[in-house]
**Student:** 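Next up is a structure, given as structure tokens.
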Amino acid sequence: MASQRQTFSPNASIQRIASIEQTQQALAEMECRMKAYLTQQRNMCTPIGRLSAELVVEILEYCLEQGLDRETPRIKYPSAFYWCKTWRNIAINTPSLWSQIFLPAPRKMFRLLRDRSGTASLTVSVFASKHTLKDSELTWVGNALCEIIPRISHLTLEWSLHKSSGILREFLLAYVGQKQFDRLRFLEWDVMLHEPSSEIFTLNAPEVRSLKVNGEMFRALRLPCPHVVRLQLILDDVYMSSEEILGLLSEVPYLEHCEISDPEPISGPLTTNSRPLVLLSNLRYLAIGAVTIRHAGYLLQHLEIPSSAKVQLEIWSDDSEGESEDVPHFVSLKSVLPTSMAPFLGLGMTFTGVNSCFTFTTESEGSLALDCQFDNLAQLFSEPSDLASYAAILTEVEVQYMPFTLPATRHLINAFLLWSRITQLRVQLDENDFERLLTALEDTPEIVCPRLRILDCGDTKLSSARMVVFLGFRRDKGVPITELTVSRRCTEGDVNDLSPLVTKLLSRI
């Protein structure tokens, strides 16, 4: 019987080993996939794992906003973007999360943001200063800006790299030209120029809605955008005349909100040529500061605005324009009040020394606030006839005159006799001034403020015994105070003693 011998085959052994290794590798991969699947299923069972993609996007947008560093400038993408695989995929496939671009930026980062943002509108900020941009990088930044112009909806340009207007003009002409900003709605220019030219550039952005311009750019930038509804102009010691302001406002007929600020008052000679009124039928808010008395009056007399608009002016004395210091300031202040607004029904007066604020209100909730940066405003009471045309219809007056002293009692009487239609009076006064005010309201034989029914004493310190005398006098004369507001902690005596003399007593703690 012949014995059979197995022959050893090295190739067969190698194949068996390889097969075992492949099986083990397949099992390992299967185990990894199973673990990933189980982890995903477990995460889906947690509260955060059950969030919808829409909610995740909102969370990522909030985290991204917190990571913005506008000082550097750069974007710090938060860890939430790679919290887990699901969140990372959501982030990568949401174009709006990649739509903020700061220039200059690393070129790879710019391309990443450009591509991941897809066709979404872009918010672009260009910071051109010696700290953020080298001269050699200016060309690349210009090319990058030119590439994305059609997609920009928000644009901020901060330029302090070269103080010469010629360099900025060359940059804009080379890389912006007349290319149209189809989506641009918000535009902010913050440009520092030592040698501004009369005209730097005309921007083709017809659909801009919000415009903020700093410094000389308001003259240099030509922006035919009649649809602007929000305008902020920061002059930074750059002189702008009343005529220039009116000319600028005439170019934005749909304006709703406007702020023009300058640390130095708008002053100088006024033109003697007649000019048409500037119609701003949609205006809701207008703030101009600073401006001298005569220029404030000139501006308001040439604006036709709704009676519901709120207007705020920071007014300076005209002394610097050659007027005598003996000129009663409040007599000049009357010239500020416009004739185009609806009749004023309310007047609030706050006196704090050099700064004094007069707020006139209309029936349609509009207002004219005059923040006066000069003193000697006692003429309001000593010369009340200067406001006769307005005072005759006032129904509400608020007086805050702390910590300074009210004018003489006789002047108070003259003023309040003029304001005969007042129905509401709110005061914040020193105790002595408040008692003199009560004395003025008790004057005879002519009853002072016969329609006065509501008196709000605020936190004025007062004596309940003195108030009883005053309220009794008004009641006996047939002109009672029906609603009284006082502060318990500021009242000496028992507040309840006042209840029988008024219909409604309101007391603050």
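In this chain, residues are counted from 1 in sequence order. The figures here come from the full heavy-atom set of this structure, side chains too, leaving out hydrogens, waters and symmetry mates.
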**Student:** Mind telling me whether Phe102 and Phe127 have parallel, tilted or perpendicular rings, with 30° and 60° as the class edges?
**Tutor:**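 Geometry flag for Phe102 against Phe127: parallel rings.
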
**Student:** Who are the salt bridge (Lys or Arg N to Asp or Glu O under 4.0 Å) partners of Arg489, not counting sequence neighbours?
**Tutor:**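 Salt bridge (Lys or Arg N to Asp or Glu O under 4.0 Å) check on Arg489 returns Asp459.
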
**Student:** Answer whether the closest heavy-atom distance between the side chains of Glu304 and Val278 falls below 4.5 Å.
**Tutor:**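 Of all side-chain heavy-atom pairs linking Val278 with Glu304, none is under 4.5 Å.
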
**Student:** If you define the side chain from C-beta out and look only at heavy atoms, does anything of Glu435 sit under 4.5 Å from Thr439?
**Tutor:**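 Of all side-chain heavy-atom pairs linking Thr439 with Glu435, none is under 4.5 Å.
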
**Student:** Has the side chain of Lys310 got a donor or acceptor atom that lies under 3.5 Å from a matching backbone atom of Glu365?
**Tutor:**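 Yes.
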
**Student:** Would a 4.5 Å heavy-atom cut-off, applied to side chains only, mark Gln301 and Leu277 as touching?
**Tutor:**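 No - every pair of side-chain heavy atoms lies 4.5 Å or more apart.
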
**Student:** Tell me every residue that passes salt bridge (Lys or Arg N to Asp or Glu O under 4.0 Å) with Arg183, counting only those two or more places apart in sequence or in another chain.
**Tutor:**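 Counting only residues at least two positions away or on another chain, Arg183 forms no salt bridge (Lys or Arg N to Asp or Glu O under 4.0 Å).
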
**Student:** Taking C-beta and beyond as the side chain, do Tyr298 and Arg294 meet within less than 4.5 Å on heavy atoms?
**Tutor:**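 SC-SC contact between Tyr298 and Arg294 ruled out.
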
**Student:** Can you find a heavy atom in the side chain of Ile305 that is under 4.5 Å from one in the side chain of Val311?
**Tutor:**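 Contact flag for Ile305/Val311 side chains = yes.
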
**Student:** What distance separates Leu429 CG from Leu462 CG, expressed to the nearest 0.5 Å?
**Tutor:**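 So the CG of Leu429 and the CG of Leu462 are separated by 10.5 Å.
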
**Student:** Checking Lys504 against Leu484 for the side-chain contact (heavy atoms from CB on, under 4.5 Å) test, could you report, in this order, the C-alpha distance in whole Å, the side-chain angles of both residues, the deciding distance, and whether it holds?
**Tutor:** CA-CA 6 Å; Lys504 185 177 182 180; Leu484 175 66; over 6 Å; no

**Student:** Can a donor-acceptor pair be found, under 3.5 Å and without considering hydrogens, that links the side chain of Glu65 to the backbone of Tyr62?
**Tutor:**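 Here the side-chain-to-backbone pair does not exist.
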
**Student:** In a check of side-chain contact (heavy atoms from CB on, under 4.5 Å) between Leu249 and each of Leu279, Leu303, Leu299, which one passes?
**Tutor:**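 Looking at Leu279, Leu303, Leu299, the match for Leu249 under the side-chain contact (heavy atoms from CB on, under 4.5 Å) is Leu303.
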
**Student:** Can you check whether Leu417's main-chain N or O pairs, donor with acceptor, with Ser420's side chain at less than 3.5 Å?
**Tutor:**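 The answer is no, because no donor-acceptor pair under 3.5 Å joins these two groups.
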
**Student:** If we count only N and O atoms by modelled type, under 3.5 Å, do the side chains of Ser117 and Arg151 hold a donor and an acceptor together?
**Tutor:**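 Arg151 and Ser117 do have a side-chain donor-acceptor pair below 3.5 Å.
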
**Student:** List the residues meeting side chain to side chain contact (heavy atoms under 4.5 Å, CB included) with Val468, not counting sequence neighbours, and say none if there are none.
**Tutor:**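 Listed in chain order: Asp497, Leu498, Leu501.
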
**Student:** Is there a side-chain contact between Leu438 and Val469 (heavy atoms, below 4.5 Å)?
**Tutor:**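 When only atoms from C-beta onward are counted, Val469 and Leu438 do not touch, as no gap falls below 4.5 Å.
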
**Student:** Any chance you could measure Asp433, atom CG, to Thr460, atom OG1, to the nearest 0.5 Å?
**Tutor:**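 It comes to 9.5 Å.
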
**Student:** Taking all non-hydrogen atoms of both residues, which atom of Ala440 and which atom of Leu412 are closest, and how far apart?
**Tutor:**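 What the structure gives for the nearest pair is CB-CB, 4.0 Å.
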
**Student:** Does NZ belonging to Lys477 count more than 12 external heavy atoms closer than 6.0 Å?
**Tutor:**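 Count not over threshold, so no.
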
**Student:** Given Glu442, which of Arg436, Arg466, Arg475 fulfils the salt bridge (Lys or Arg N to Asp or Glu O under 4.0 Å) condition?
**Tutor:**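 Among Arg436, Arg466, Arg475, the one that satisfies the salt bridge (Lys or Arg N to Asp or Glu O under 4.0 Å) with Glu442 is Arg466.
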
**Student:** Are any non-hydrogen side-chain atoms of Phe470 and Ile481 less than 4.5 angstrom apart?
**Tutor:**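 In contact.
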
**Student:** If I take atom CG from residue Leu425 and atom SG from residue Cys449, how far apart are they, to the nearest 0.5 angstrom?
**Tutor:**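 Result: 7.0 Å between the selected atoms.
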
**Student:** To the nearest 0.5 Å, what is the distance between CZ (Phe186) and CD1 (Ile152)?
**Tutor:**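 One finds 14.5 Å between CZ of Phe186 and CD1 of Ile152.
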
**Student:** Please list every donor-acceptor pair under 3.5 Å in which a side-chain atom of residues 203-213 meets a protein atom from a residue at least two apart or in another chain.
**Tutor:**
from, atom 1, to, atom 2, distance (Å)
Asn204, ND2, Gln178, O, 3.1
Glu207, OE1, Arg209, NH1, 3.3
Glu207, OE1, Arg209, NH2, 3.3
Arg209, NH1, Glu207, O, 2.7

**Student:** Residues in salt bridge (Lys or Arg N to Asp or Glu O under 4.0 Å) with Arg275, at least two apart?
**Tutor:**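 Arg275: salt bridge (Lys or Arg N to Asp or Glu O under 4.0 Å) contacts with Glu243.
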
**Student:** May I ask you to decide if Arg453's main-chain N or O and Thr482's side chain share a donor-acceptor pair within less than 3.5 Å?
**Tutor:**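 Yes; judged by distance alone, with no hydrogens or angles, the pair exists.
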
**Student:** Does a donor on one side chain sit under 3.5 Å from an acceptor on the other, for Arg451 and Thr423?
**Tutor:**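 Side chains of Arg451 and Thr423: no pair found under 3.5 Å.
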
**Student:** Determine, step by step, whether Arg185 and Ser153 satisfy the side-chain hydrogen bond (donor to acceptor under 3.5 Å, both in side chains) criterion, reporting the C-alpha distance in whole Å, the side-chain angles of both residues, the deciding distance to 0.1 Å, and the verdict.
**Tutor:** CA-CA 5 Å; Arg185 299 295 183 270; Ser153 62; over 6 Å; no

**Student:** Taking side chain as C-beta onward, heavy atoms only, is Phe473 less than 4.5 Å from Thr444?
**Tutor:**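 A side-chain contact under 4.5 Å exists here.
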
**Student:** How many angstroms lie between CG in Leu286 and CD1 in Ile260, if you round to the nearest 0.5 Å?
**Tutor:**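 Reported to 0.5 Å precision, the distance equals 6.5 Å.
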
**Student:** Spell out, as yes or no, whether a donor-acceptor pair under 3.5 Å connects the side chain of Ser507 to the backbone of Ser487.
**Tutor:**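 Here the side-chain-to-backbone pair does not exist.
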
**Student:** Can I get a per-line list of side-chain donor-acceptor pairs under 3.5 Å for residues 250-258, giving both atom names and the distance, sequence neighbours left out?
**Tutor:**
from, atom 1, to, atom 2, distance (Å)
Ser250, OG, Gly247, O, 2.5
His257, NE2, Glu259, OE2, 2.8

**Student:** Any chance you could measure Leu452, atom CG, to Arg474, atom CZ, to the nearest 0.5 Å?
**Tutor:**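 One gets 5.0 Å once the value is rounded to the nearest 0.5 Å.
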
